[in-house]
Enquirer: 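For reference, the structure I am asking about is given below.
The residues of the chain are indexed from 1 along the displayed sequence.
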Amino acid sequence: MSEAGEVGKIGWMDLTVERAEAVRDFYSQVVGWRAAEVEMGGYADYSMNLPESGETVAGVCHARGHNADLPAA
């Protein structure tokens, strides 16, 4: 995880969205992050990782289960 205040670094963010696969693919293509599945009991959310180090920098979550009522953010 990036230190707070590092210029050019993104702090950890989880995005909860209806179309998690599309958002995962967008960040993979535009930013170059690699996705790793996180099993959620019948479906997978995604950890988004830096390609160089494998460091997880964000998450992409389906608006399902415990996240069903969270607004997209």
Side-chain angles (χ1 to χ4, degrees):
M1 171 124 5
S2 301
E3 293 292 324
E6 279 185 83
V7 175
K9 297 287 183 174
I10 295 176
W12 187 291
M13 298 287 180
D14 279 346
L15 301 174
T16 300
V17 295
E18 292 289 327
R19 298 179 56 220
E21 290 85 0
V23 173
R24 172 203 63 198
D25 293 347
F26 171 82
Y27 282 102
S28 292
Q29 292 172 6
V30 174
V31 183
W33 291 343
R34 297 205 174 121
E37 290 188 355
V38 177
E39 178 56 39
M40 298 302 292
Y43 66 95
D45 286 339
Y46 307 98
S47 293
M48 302 305 292
N49 307 311
L50 295 176
E52 313 82 38
S53 65
E55 175 186 8
T56 301
V57 293
V60 176
C61 305
H62 288 88
R64 299 181 190 166
H66 295 292
N67 293 335
D69 296 323
L70 293 177

Enquirer: Taking distance alone, no hydrogens or angles, what donor-acceptor pairs closer than 3.5 Å link side-chain atoms of residues 34-44 to residues at least two apart or in another chain?
Expert:
from  : atom 1 : to    : atom 2 : distance (Å)
Glu39 : OE2    : Gly41 : N      : 2.8
Glu39 : OE2    : Gly42 : N      : 2.8

Enquirer: Enter the distance from Gln29:CD to Arg24:CZ here, rounded to the nearest 0.5 Å.
Expert: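 Answer rounded to 0.5 Å: 10.0 Å.
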Enquirer: Where do Asp45 and Val60 come nearest, in terms of heavy atoms and distance?
Expert: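 Result for this residue pair: CB-O, 3.5 Å.
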Enquirer: Heavy atoms only: give me the nearest His62-Glu21 pair and the separation to one decimal.
Expert: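 For His62 versus Glu21, the nearest heavy atoms are NE2-OE2, 3.1 Å.
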Enquirer: Would you be so kind as to tabulate the donor-acceptor pairs closer than 3.5 Å made by side chains of residues 64-71, with sequence neighbours excluded?
Expert:
none

Enquirer: Determine yes or no for a side-chain-to-main-chain donor-acceptor pair under 3.5 angstrom, with Ser28 supplying the side chain and Trp33 the backbone.
Expert: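 Confirmed, Ser28 side chain pairs with Trp33 backbone.
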Enquirer: Roughly how far, to the nearest 0.5 Å, is OH of Tyr46 from CG of Asp25?
Expert: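 Nearest 0.5 Å value for the CG-OH distance: 8.0 Å.
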